[in-house]
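Residue numbering restarts at 1 for every chain, and letters A, B, ... go by the order of the sequence lines.
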Amino acid sequence: MAKFELFSGRGAFVVAAVGVCSWFSGRLTERTLLELRLPEFQDREKRHFPKTPGLPIFGTVSAATIVPTDEYNPRFVQTLNRTTELFFQIMKYGFPGLDHVRSFDDFVLSYDRRTRIAHWVFEHLTAERLKYNDKVDRSLCDFTEDTSVHSYFRAKNVDYKGSGFDRGHLAAAGNHRVAQEHCDQTFYLTNIAPQVGVGFNRNSWNRLEKHVRKLTKIYSNVYVCTGPLFLPKKERDGKNYVKYQVIGSNNVAVPTHFFKVVVMETNDGKLHMEAYVMPNEPIDDNTPLTVFQVPPDSIERHAGLLFFDRISRDKLVLVNGRKTTYV
DNA sequence: TTTGATGT
């Protein structure tokens, strides 16, 4: 399994001791040096960070670099091979957050040690990659502990057993049909969160996942970010509290809600977005999915994440089916 | 169809 981590500090320094894990150390031997900077990102750098020194990453050498930054500013200069190319293909529109980022063959996630579930999971879907593949068999997959997470913070199968909750996929197994290993990897418990089974995971949430897959019939590229939310609720005393159940001896957090933010690329270079929040509870099957659409920034504020940070706002013309005011 | 848990 591949992974990397970055550390950043607001307004002052990024002291980056780049944790070079299997992903880097394994891949950097090929030495095809390439700067990974998208044009939009470069523009942003010119505006906000005219004199920032780079963050060179050469092999296993760690770099400590002072980078003035007001906002999220990951700088990647690194070697490229097919795996890293895929990684940045999935992450084309930026990182929602940088906490314990882990890269799998066909999706990328950020893991929250405190809740024992992911902050977010990113996927890139195309019609081609979703095609039926008789070489991939979901029934051969097993839910598996992710040993790349320290045992203190790792969710185990026994935590879910008898809890009454499904082990719900964040990156859906049905989205990863190119290879059996891709499907297998969606069963790592880092990609799993406790979900209400009947009425949610097996019904309305599944409906939403199918809807997202269908978008690939209209759009050539679909980018999906999925994750948990822990939303405050007013209690009897009139004050707001965030309250959530935990399950198992590892106290795996049961999210109050789940979000899904989707960006679709049109053939003429425009971007459409849809953003959903669904409560982790039984939902009537007849509820239209549009009922769960919300402004993307409301998810960002609650989740502490910034989606599609690298998106050029003038290309984003449609959000939840409505014309945007960005233009 | 895809999403799962549970019991033998």
Distance-only donor-acceptor hits, side chain of residues 168-179 of chain A, under 3.5 Å, sequence neighbours excluded:
{"residue": "A/His169", "atom": "NE2", "partner": "A/Thr186", "partner atom": "O", "Å": "3.4"}
{"residue": "A/His169", "atom": "NE2", "partner": "A/Thr186", "partner atom": "OG1", "Å": "3.4"}
{"residue": "A/Asn175", "atom": "OD1", "partner": "A/Arg213", "partner atom": "NH1", "Å": "2.8"}
{"residue": "A/Asn175", "atom": "ND2", "partner": "A/Glu123", "partner atom": "OE1", "Å": "2.9"}
{"residue": "A/His176", "atom": "ND1", "partner": "A/Asp106", "partner atom": "OD2", "Å": "2.7"}
{"residue": "A/His176", "atom": "NE2", "partner": "A/Glu123", "partner atom": "OE1", "Å": "2.7"}
{"residue": "A/Arg177", "atom": "NE", "partner": "A/Gly174", "partner atom": "O", "Å": "3.2"}
{"residue": "A/Arg177", "atom": "NH1", "partner": "A/Leu130", "partner atom": "O", "Å": "2.7"}

Hits for side chain to side chain donor-acceptor pair (under 3.5 Å) against A/Tyr132, two or more places apart or cross-chain, chain-then-number order -> none
Near-strand residues of residues 171-187 of chain A, defined as heavy-atom separation under 4.0 angstrom from DNA chain B: A/Ala172, A/Ala173, A/Gly174, A/Arg177
I'd like to check the side chain to side chain donor-acceptor pair (under 3.5 Å) partners of A/Asp284; sequence neighbours left out, ordered by chain and number. A/Asn286
Which atom pairs, one a donor and one an acceptor, fall under 3.5 Å between side chains of residues 221-230 of chain A and the rest of the protein, sequence neighbours left out?
{"residue": "A/Asn221", "atom": "OD1", "partner": "A/His124", "partner atom": "NE2", "Å": "2.7"}
{"residue": "A/Asn221", "atom": "ND2", "partner": "A/Glu265", "partner atom": "OE1", "Å": "3.0"}
{"residue": "A/Thr226", "atom": "OG1", "partner": "A/Lys260", "partner atom": "NZ", "Å": "2.9"}

Using a 4.0 Å heavy-atom cut-off, does A/Asn206 contact any base of the nucleic acid, only the sugar-phosphate backbone, or nothing at all? base
With sequence neighbours left out, which residue pairs that include part of residues 225-249 of chain A fulfil the salt bridge (charged side-chain N to carboxylate O under 4.0 Å, His left out) condition? none
Could I get the full list of salt bridge (charged side-chain N to carboxylate O under 4.0 Å, His left out) partners for A/Arg301, not counting sequence neighbours? A/Asp297
Distance, rounded to the nearest Å, where A/Asn203 contributes CG and B/dT2 contributes C1': 11 Å
What residues in residues 160-168 of chain A put a non-hydrogen atom under 4.0 Å from any atom of DNA chain B? A/Gly162, A/Asp166, A/Arg167, A/Gly168
Round to the nearest Å and state the distance from A/Leu170 atom CG to B/dT2 atom P. 19 Å
State, without any angle test, whether A/Tyr111 and A/His119 hold a side-chain donor-acceptor pair at a distance under 3.5 Å. no
Spacing of A/Trp205 atom CH2 relative to B/dT3 atom P, expressed in whole Å: 13 Å
What's the CG-P distance between A/Asn201 and B/dT1, to the nearest Å? 18 Å
Rounded to whole angstroms, how far apart are CD on A/Glu209 and P on B/dT2? 12 Å
Rounded to whole Å, please give me the gap between NE2 in A/His169 and P in B/dA5. 9 Å
Could you tell me how far apart A/Phe200 (CZ) and B/dT2 (P) are, to the nearest whole angstrom? 19 Å
Validation: residues 246-254 of chain A side-chain donor-acceptor distances under 3.5 Å, sequence neighbours left out:
{"residue": "A/Asn250", "atom": "ND2", "partner": "A/Asp159", "partner atom": "OD1", "Å": "3.2"}
{"residue": "A/Asn250", "atom": "ND2", "partner": "A/Asp159", "partner atom": "OD2", "Å": "2.8"}

Let me see the working for A/Thr126 and A/Arg129 under side-chain hydrogen bond (donor to acceptor under 3.5 Å, both in side chains), right down to the final yes or no. CA-CA 5 Å; A/Thr126 63; A/Arg129 299 173 70 77; 4.7 Å; no
A/Asp142 CG to B/dA5 C1': how many Å, rounded? 14 Å
